[in-house]
Amino acid sequence: MASSSLRYSVIALFLLLSLSSSSAQLTTNFYASSCPNVFSTIQSVVQSAIASERRMGASLLRLFFHDCFVNGCDGSLFLDDTSNFTGEKNAIPNKNSARGFEVIDSIKTAVEKACPGVVSCADILAITARDSVVILGGPTWSVKLGRRDSRTASQSAANNNIPPATSSLSNLISKFSAQGLSTKDLVALAGAHTVGQARCTNFRARIYNDTNIDRSFAQLRKGNCPSNSGDNNLAPLDLQTPTGFDNNYYKNLVSLKGLLHSDQQLYSNGSTSSQVQSYVNSPSSFSSDFVAAMINMGDISPLTGSNGEIRKNCRKTN
């Protein structure tokens, strides 16, 4: 009798653990009943923002990367500094660089109007990143949802976790590995640099000092990036189609025309060169690997269940 009751207790415990772990999983239909119009509401704001400024699509996509790499995809990046709170916006990778926060504010306002207090800023960003890729001509995917927003931020983690443009291949691999992302994910996610712009301060050393660079390309970029001034002057990360989501980024790398040192590291006689070449040869394999990597990145340490909160305003905790 004792053994049978023990068996039932073990089964009950197993069921309880199964339920608690499954409740912590993200799902694509999380808002199906609580906010059925969430996708169309977000998409219309993203669409108009990118129509106003094509570069904004890349900026919004980058916010997702900079959020997820700092203690998970929890919307911590959006929190403003106050007299008694230090956020992540002034961390080295974000200061004078991360942009698009006003678009997130507009999306949040629209979503709050449609379904107040339901959709997190973290989930808004995940959907916005996907929509940005699609609007710029890239692949689509079903976004997993159910993240909640953090009440904390970490400037030091932003400084330590987000790899700088000067990174070596081994440094990139280790930074991605620390987030549970594979080298394959790294090379696929780097393809987000098929859109967007970089500041001179982040590619100056590359165009003046690196030897694995096409000389005419280096000369072209020096025209807008003097050796000792113009830190904020911009250049497209993808020389060919800077506002179109395609595989030209990888073609640039093979031609030694990667804008950032960290970009060219992916094609520099190292372990990732063959993967870069495979994306040059097959745009469809880039698309499918990029989608898989975006989903993997979106799975980094989400706050779920009763952890965190659903912020009313993405810039501050409730």
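Positions are given from 1, in the same order as the sequence printed here.
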* Asked: Using the benzene-type ring in the case of Trp, are the ring centres of Phe245 and Phe290 under 6.0 Å apart?
  -> yes
* With distance as the sole criterion, is a donor-acceptor pair present between the side chains of Asn232 and Arg199 under 3.5 Å? -> yes
* **Validation row: Leu220, Leu239 side chains within 4.5 angstrom (heavy atoms)** => yes
* **Short side-chain to backbone donor-acceptor contact, Asn159 and Ile92, under 3.5 Å** => yes
* Asked: Within the side chain of Asn202, is there an N or O that forms a donor-acceptor pair under 3.5 Å with the backbone of Ala198?
  -> no
* Can you check side chain to side chain donor-acceptor pair (under 3.5 Å) on Ser282 and Ser284, steps first, answer last? -> CA-CA 5 Å; Ser282 172; Ser284 62; 3.3 Å; yes
* To do: Considering non-hydrogen atoms only, spot the tightest contact between Leu77 and His66 and give its length.
  => CD2-CB, 4.0 Å
* Asked: Judged by atom type as modelled, is there a donor-acceptor pair below 3.5 Å linking the side chain of Asp131 to the main-chain atoms of Val46?
  -> no
* Asked: Checking salt bridge (Lys or Arg N to Asp or Glu O under 4.0 Å) for the pair Asp81/Lys89: CA distance, chi angles, key distance, verdict?
  -> CA-CA 8 Å; Asp81 288 4; Lys89 289 180 179 177; over 6 Å; no
* Between Asp74 and Arg147, is there a side-chain N and carboxylate O pair less than 4.0 Å apart? -> no
* Asked: Which heavy-atom pair separates Ser268 from Ser273 by the least distance, and what is that distance?
  -> N-OG, 3.4 Å
* To do: Kindly work out whether a path of hydrophobic side-chain contacts (I/L/V/M/F/W/Y, heavy atoms less than 4.5 Å apart) joins Leu303 to Val143.
  => no
* Basic-acidic side-chain contact under 4.0 Å: Arg99, Glu53 -> yes
* Structure fact -> Across all chains, not counting sequence neighbours, the side chain to side chain contact (heavy atoms under 4.5 Å, CB included) partners of Ala158 are Val70, Glu88, Ala91, Asn94, Ile162
* Asked: Can you tell me if CG on Asn269 sees more than 12 non-hydrogen neighbours from other groups inside 6.0 Å?
  -> no
* So, does Asn37 use its side chain to make a donor-acceptor pair with the main chain of Ser40 at under 3.5 Å? -> no
* **Closest non-hydrogen atom pair, Asp246 against Phe286** => O-CE2, 3.5 Å
* Between Arg130 and Ser142, does any side-chain donor sit less than 3.5 Å from a side-chain acceptor? -> no
* Check step by step if side chain to side chain donor-acceptor pair (under 3.5 Å) holds for Gln240 and Asn252. => CA-CA 8 Å; Gln240 301 181 66; Asn252 297 331; 2.8 Å; yes
* Salt bridge or not for Lys312 and Glu112, using N-O below 4.0 Å? -> no
* Kindly indicate whether the side chain of Gln43, heavy atoms from C-beta on, has any atom under 4.5 Å from the side chain of Ile127. => no
* To do: Look at Lys144 together with Asp299 and state whether they make a salt bridge at an N to O cut-off of under 4.0 Å.
  => yes
* Asked: Does one side chain, of Asp238 or Thr194, offer a donor that lies under 3.5 Å from an acceptor on the other?
  -> yes
* Asked: Linking I/L/V/M/F/W/Y whenever any side-chain heavy atoms sit under 4.5 Å apart, do Met294 and Ile104 land together?
  -> yes
* Residue pair Leu181 / Ile300, side-chain heavy-atom distance below 4.5 Å -> yes
* To do: Go through Arg315 and Phe101 one step at a time and tell me if the side chain to side chain contact (heavy atoms under 4.5 Å, CB included) criterion holds.
  => CA-CA 9 Å; Arg315 292 175 179 266; Phe101 297 112; 3.7 Å; yes
* Asked: Got a second to check how far Asp67's CG is from Cys121's SG, nearest 0.5 Å?
  -> 10.0 Å
* To do: Evaluate side chain to side chain contact (heavy atoms under 4.5 Å, CB included) for Ser168 paired with Gln265, printing each intermediate quantity in order.
  => CA-CA 6 Å; Ser168 65; Gln265 283 287 292; 3.9 Å; yes
* Are Ser271 and Ile173 close enough that some pair of their side-chain heavy atoms sits under 4.5 Å apart? -> yes
* **Separation between CG of Asn247 and OG of Ser285, rounded to the nearest 0.5 Å** => 8.5 Å
* Asked: Parallel, tilted or perpendicular: which fits the ring planes of Phe65 and Phe176, with parallel below 30° and perpendicular above 60°?
  -> parallel
* Would Leu234 and Leu63 show up in the same hydrophobic cluster when neighbours are defined by side-chain heavy atoms closer than 4.5 Å? -> no
* How close do Gly298 and Phe64 get, heavy atom to heavy atom, and via which atoms? -> CA-CZ, 3.7 Å
* Structure fact -> So NE2 of His261 and CD1 of Ile207: to nearest 0.5 Å the spacing works out to 14.0 Å
* Step-by-step side chain to side chain contact (heavy atoms under 4.5 Å, CB included) determination, Phe39 to Leu145 -> CA-CA 11 Å; Phe39 294 114; Leu145 301 164; 3.7 Å; yes
* Asked: Would a 4.5 Å heavy-atom cut-off, applied to side chains only, mark Pro302 and Leu26 as touching?
  -> yes
* Answer with yes or no whether the hydrophobic clustering places Tyr208 together with Leu260; edges join I, L, V, M, F, W, Y residues whose side-chain heavy atoms lie under 4.5 Å apart. => yes
* Considering all heavy atoms, the nearest Thr317-Glu309 contact -> CA-OE2, 3.3 Å
* Look at atom NZ of Lys184 and say whether more than 12 heavy atoms of other residues, nucleotides or ligands are closer to it than 6.0 Å. => no
* Side-chain (Thr109) to main-chain (Asp105) donor-acceptor, under 3.5 angstrom -> yes
* Asked: For the hydrophobic clusters of this structure (ILVMFWY residues joined by side-chain heavy atoms under 4.5 Å, transitively), does one cluster hold both Tyr249 and Ile213?
  -> no
* Asked: Is a donor on one side and an acceptor on the other found under 3.5 Å between the side chain of Arg206 and the backbone of Gly258?
  -> yes
* To do: Using a 4.5 Å cut-off on heavy atoms from C-beta on, say whether the side chain of Phe217 contacts that of Leu256.
  => no
* Passes side chain to side chain donor-acceptor pair (under 3.5 Å), Ser182 versus Asp185? Steps please. -> CA-CA 5 Å; Ser182 67; Asp185 290 329; 3.2 Å; yes
* Note, Leu172 side chain near Ser262 side chain (heavy atom, < 4.5 Å) -> yes
* Report yes or no: do Tyr267 and Asn212 form a side-chain donor-acceptor pair below 3.5 Å? => no
* Asked: Is the backbone of Leu266 close enough, under 3.5 Å, to the side chain of Thr272 for a donor and an acceptor to pair up by distance?
  -> yes
* To do: Kindly indicate, with the supporting measurements, whether the criterion side chain to side chain contact (heavy atoms under 4.5 Å, CB included) is fulfilled by Cys73 and Leu125.
  => CA-CA 9 Å; Cys73 311; Leu125 183 55; over 6 Å; no
* To do: Could you tell me whether the side chain of Lys108 and the main chain of Arg311 form a donor-acceptor pair under 3.5 Å?
  => yes
* To do: Apply side chain to side chain donor-acceptor pair (under 3.5 Å) to the pair Arg62 and Ser97, showing each step before the final yes or no.
  => CA-CA 10 Å; Arg62 184 167 178 252; Ser97 180; 2.9 Å; yes
* Heavy-atom pair with the smallest gap, counting every atom of Val254 and Val276 -> CG2-CG1, 4.1 Å
* Asked: Do Met297 and Leu189 have side chains that get closer than 4.5 Å, going by heavy atoms?
  -> yes
* Where at least one partner belongs to residues 221-235, residue pairs that pass salt bridge (Lys or Arg N to Asp or Glu O under 4.0 Å), sequence neighbours excluded -> Arg204-Asp231
